[in-house]
Amino acid sequence: MGVIDGFYGSEGISKDIGTQITIASIIVTYFLFWGLANILEKNISEPARKIADNMNLVSSGNLDVQMEVKDSFEFAEMEEAFNNMVFKLKEAQTLREQNEEQNRQLYAGIAHDLKTPMTMVMGYARLLKEKDISEDERDRYLTIIEQQIKAANVQLEDMLGYAKYGSTDYKIYPEEGNIAGFLRGILADMFYRFEDRKMILEPDIPDSVSCKYDAEQMKRVFTNLINNAIRHNPEKTTFKVSVKVDRSAVISFSDNGPFLEDDLKTHIFEPYKKGKSGGSGLGLSVAKRIVELHNGSLEYIENPEDGYKSFVVTLPLD
């Protein structure tokens with residue numbers, strides 16, 4: 001009113017006009033606050049409420065929530081970050097479910113593989129309690145019991161190895177050595193196995209290839225791959241072992257026996273994935289983990305042209 005008095009002079013304006021101006025000012029102020037409230041509601045309160053509602057849905061276990069990124073201010077970034085968070089949570093949930101299923105298969109496989117030898121041991125132990133069995137029968141029963149206990153022990157060693165090498169705390173101790181000479185020594189120790197199976201061994205191993213490896217653990221890998229070939233191939237199969245250098249040490253274990261079944265190829269390194277010829281299904285999983293601890297790789301390759309399948313170990317040279 002002071003401004004208005006200054007504009008109109010000392011007489012000012014009539015009270016009616018002053019009242020009208022006051023009312024108009026109130027109305028204008030109301031609409032300004034109403035417009036500002038609408039802007040805040042649309043651009044701040046509503047997006048914040050949507051984010052809060054969707055976070056409550058996620059906290060209740062619903063991971064199928066996705067927000068349409070269209071709001072202004074900082075809320076577009078928050079909505080995009082929310083969608084990324086939900087995506088990561090969904091990925092983690094899927095991985096957890098896969099691990100749980102894998103563990104169920106692992107436990108079921110362990111139980112199945114241990115049940116058979118234990119059942120046979122119990123059965124033959126009962127027979128040994130009979131007083132009227134001959135010495136020959138007694139010796140045969142004891143031999144069977146011994147074989148089954150050895151089979152169960154192998155299962156347990158594979159299981160413990162799988163758990164050990166999968167631990168993040170497990171360490172290996174690589175040292176510089178001649179991997180070619182190391183492999184030749186293993187083949188020499190196992191040569192009788194090839195003779196027993198009438199398999200043809202064709203090594204192609206140079207005098208020296210140096211790289212860093214943990215001798216104890218790498219022996220387990222090579223022995224596993226050799227035993228795998230002997231156990232799962234028919235007699236007179238040709239088994240080739242080669243060591244090459246191509247920016248890495250490449251050790252190949254190849255044979256011309258039957259290729260793997262199609263449903264096994266993509267799961268060959270998963271625990272308790274077994275072919276028709278049996279086995280624990282853990283040996284290859286353990287071998288792959290050991291090689292990966294060496295910053296290397298273990299792959300399965302088939303070559304239909306020459307009829308050979310191969311397990312190929314690649315190790316860094318330094």
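The figures that follow rest on heavy atoms only: side chains count, while hydrogens, waters and symmetry mates do not. Just so we're clear, the structure is a prediction, and the values are computed from it rather than from any experiment.
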Chemist: How about P174 and C211: do any of their side-chain heavy atoms sit closer than 4.5 Å?
Modeler: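 No - every pair of side-chain heavy atoms lies 4.5 Å or more apart.
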Chemist: Short question: side chain of R193, backbone of L187 - any donor-acceptor pair under 3.5 Å?
Modeler: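 No; zero donor-acceptor contacts below 3.5 Å.
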Chemist: Got a donor-acceptor contact below 3.5 angstrom from the T223 side chain to the R220 backbone?
Modeler: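 A pair under 3.5 Å: no.
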Chemist: Check the surroundings of atom CD in E175: do more than 12 heavy atoms from other residues, nucleotides or ligands lie under 6.0 Å from it?
Modeler: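 Atom CD in E175 is not packed in, count stays at 12 or less.
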Chemist: So, do K309 and D255 sit near enough that their side-chain heavy atoms are less than 4.5 Å apart?
Modeler: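 Heavy-atom side-chain distance check passes, below 4.5 Å.
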Chemist: Could you list all the salt bridge (Lys or Arg N to Asp or Glu O under 4.0 Å) pairs where at least one residue sits in residues 201-219, not counting sequence neighbours?
Modeler: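 Listed once each, the pairs are D204-K244.
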Chemist: On the 0 to 90° scale, with breaks at 30° and 60°, tag the F311-F269 ring pair as parallel, tilted or perpendicular.
Modeler: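 Aromatic pair F311/F269 classed perpendicular.
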Chemist: Around atom CE of M122, are there more than 12 heavy atoms of other residues, nucleotides or ligands at under 6.0 Å?
Modeler: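 No, the 6.0 Å shell around CE holds no more than 12 heavy atoms from other groups.
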Chemist: Roughly how far, to the nearest 0.5 Å, is CD of E137 from CG of L127?
Modeler: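 The distance works out to 8.5 Å.
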Chemist: Tell me whether R184 contacts the main-chain N or O of P203 through its side chain, where contact means a donor paired with an acceptor under 3.5 Å.
Modeler: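 Here the side-chain-to-backbone pair does not exist.
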Chemist: With side chains defined as the heavy atoms from C-beta onward, is the minimum distance between M190 and N227 less than 4.5 Å?
Modeler: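 Of all side-chain heavy-atom pairs linking N227 with M190, at least one is under 4.5 Å.
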Chemist: Applying the side chain to side chain contact (heavy atoms under 4.5 Å, CB included) test to V243, which of V250, V313, V209 qualifies?
Modeler: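 With V243 as partner, V250, V313, V209 yield a single side chain to side chain contact (heavy atoms under 4.5 Å, CB included), made by V209.
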Chemist: Does a side-chain heavy-atom distance below 4.5 Å link L183 with I179?
Modeler: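 L183 vs I179: side chains apart.
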Chemist: May I ask you to test the K236-I200 pair for a side-chain heavy-atom distance under 4.5 Å?
Modeler: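 Heavy-atom side-chain distance check fails, nothing below 4.5 Å.
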Chemist: Quick one: are T238 and Y308 in side-chain contact, heavy atoms under 4.5 Å?
Modeler: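 Sidechains of Y308 and T238: in contact.
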Chemist: Taking atom NZ of K265 as the centre, report whether more than 12 heavy atoms of other residues, nucleotides or ligands fall under 6.0 Å from it.
Modeler: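 Correct, the count exceeds 12.
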Chemist: Where is the tightest heavy-atom contact between F259 and N303, given as atom of each residue plus distance?
Modeler: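 Closest heavy-atom pair between F259 and N303: CZ-O, 3.9 Å.
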Chemist: Would a 4.5 Å heavy-atom cut-off, applied to side chains only, mark F239 and N233 as touching?
Modeler: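 They are not in contact (no side-chain heavy atoms under 4.5 Å apart), so the answer is no.
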